[in-house]
Amino acid sequence: MNVHLKAETMHEPHLRAAQPGARILMCAPDHFGVDYVINPWMENQVGRADLKRAREQWENLRRHLGANVSLDFVAPAEGLPDMVFTANAGLAIGDTVAVARFHAKERRPEEDLFRDWFEARGFTIAPWPEDIAFEGAGDALPDRAQPLIWCGHGWRSHARAAEHLADIFDREAVGLKLVDPRFYHLDTCLCPLSGGWLMYYPGAFDEAAREEIAARVPAQRRIEVDEADAMGFACNAVEAGGRVFMNACSPSLQGRLAAAGFQPVVTPLSEFLKSGGGAKCLTLEVQSRAYSEQTARR
Ligand code: ARG
C-alpha cells in the first residue's frame, strides 16, 4: 500500500547532529554464532550463521551508528556467542545500572563480564535479587518523552523485574506481558522513539498490555506495525540523530516513520536474525549523567 503524505500530517523532523552525551555499547562478533537454541529463531539454525557476512553486517551497523553517536565496546569472549547482543547486558540510566540476571543459563557467564565493564567505567551497580530473571534493555525500554520504563515479561525476564526497576530508577515501570514466543524480548516488538512516539507490534502483547500502552500513548503517537514488518525486526530499531536503523522496513512503514519526522535507515542483519536479534539487540544505550539530569528536570 502506498502512503500519501499530506503536508498537514507531516511532523517536524527529529533529525539533528549526534546527541551530546548519548553513547551506545557494542560487542564485536568475534565469537558470534548460533551454538544452541534458546528462542524460536535459533531453531534449525545451529551452525548456520554465515560468520563472514555477520561481521560485514555488524561493521555496517557500527559505521552507521558511529556517524550519529559515540560508541563504546566491551571485549567479546570465547564461548559466549550471544555476548554480541549487548542490549541484554543491563539497563543503564544516568550513572546507575541494573546488570542482567539471565534467564537463559547459556548466557549467565556474560553477567560478570558486563558487570566488570560497567564497574570499570564508574557506574553504580544496583543490587538485584538473585531469583528475579532480568535480561536488561532487551526487556526494559525507557520511554523518550515520559519518565517511565516499558518492561516486558512472559518469556525471559520475570514479571517482578519491573518493580525493582521502578525502585532503582525512581520512575514508573509498566509491565507488559508478551504472548508470542517469536517476540520473546520486549525490544523485538516495541520501540520508544523521540517525541513520545511508540512503534510496536500489537500481536505480541496480551490484551492488558495493549490497554496499558493505549492508556499512556495517544493513538496519534502510536505506530503499529504489521506482522510482516515485525517478523523483519522493524521494531528492533535504534534511534540515533533522528534516524531509525533497522534490519528491514516496508515502504508503508517507511512512509509512516517519515511522516512522524524520522528517517528510516535499513541496514540488513540477516545473520543475527538467525539468533533472534536485530539492530537494537546489538546495542545498549549507556547514557551520560547530563542526559539523566535533563530527564529528571522534565
Ligand atoms: N540469541 C540471543 C538470545 O536468545 C538473542 C538476543 C537478542 N537480544 C535482544 N535484546 N532481543 O538471548
Side-chain angles (χ1 to χ4, degrees), residues 24-29 31-49 51 54 57-58 61 65 74 76-77 79-92 97-111 113-114 133-142 149-158 161 165 176 178 180-192 199-201 204-205 225 230-239 245-248 269-286:
I24 281 179
L25 176 67
M26 297 183 79
C27 176
H31 303 289
F32 171 68
V34 183
D35 296 359
Y36 45 72
V37 178
I38 54 172
N39 71 55
W41 299 85
M42 301 172 97
E43 276 162 29
N44 303 314
Q45 296 294 353
V46 171
R48 292 219 168 134
L51 302 181
Q57 293 177 335
W58 185 88
L61 177 66
L65 295 178
V74 56
L80 296 176
D82 277 337
M83 197 173 165
V84 69
F85 299 113
T86 51
N88 301 115
L91 176 65
V97 61
V99 177
R101 175 70 36 93
F102 281 96
H103 167 82
K105 66 172 184 335
E106 292 81 351
R107 298 195 62 182
R108 293 220 51 186
E110 296 176 35
E111 292 169 10
L113 303 178
F114 285 131
F134 169 56
E135 297 205 349
D139 272 328
L141 302 168
I149 306 171
W150 300 101
C151 299
H153 64 89
W155 303 106
R156 304 287 279 269
S157 298
H158 195 286
L165 295 172
L176 303 174
L178 303 170
D180 183 332
R182 298 171 302 175
F183 303 102
Y184 61 96
H185 275 144
L186 183 64
D187 68 359
T188 63
C189 51
L190 183 136
C191 180
M199 173 165 65
Y200 72 115
Y201 171 55
F205 299 92
V225 316
M231 289 298 283
F233 270 64
C235 296
N236 198 247
V238 185
E239 182 191 342
F245 300 93
M246 63 238 281
N247 168 66
L269 295 162
S270 62
E271 302 319 295
F272 298 99
L273 258 64
K274 293 175 183 172
S275 186
K280 167 62 173 54
C281 302
L282 293 166
T283 66
L284 178 71
E285 256 185 57
V286 281

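Atoms within a ligand are numbered from 1 in the order they appear, just like the ligands themselves. Starting from 1, each residue takes its place in the sequence as its number.
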*With sequence neighbours left out, what residues match A230 under side chain to side chain contact (heavy atoms under 4.5 Å, CB included)?*
F183, Y201, V225

*Evaluate the side-chain proximity of F85 to E135: yes if any heavy-atom separation is below 4.5 Å, no if none is.*
no

*Determine whether F32 and L51 make a side-chain contact, defined as any pair of heavy atoms from C-beta on separated by less than 4.5 Å.*
yes

*W41 vs F233 aromatic rings, parallel, tilted or perpendicular, using cut-offs 30° and 60°?*
perpendicular

_R48: partners by side chain to side chain contact (heavy atoms under 4.5 Å, CB included), with sequence neighbours left out_ = Q45

*asked:* List the residues meeting side chain to side chain contact (heavy atoms under 4.5 Å, CB included) with C151, not counting sequence neighbours, and say none if there are none.
replied: I149, A162, L165, A173

*Who are the residue neighbours of ligand 1 when the rule is a heavy atom under 4.0 Å from any of its atoms?*
I38, N39, M42, D82, F85, A87, N88, R107, G138, R156, Y184, H185, D187, T188, S275, G276, C281

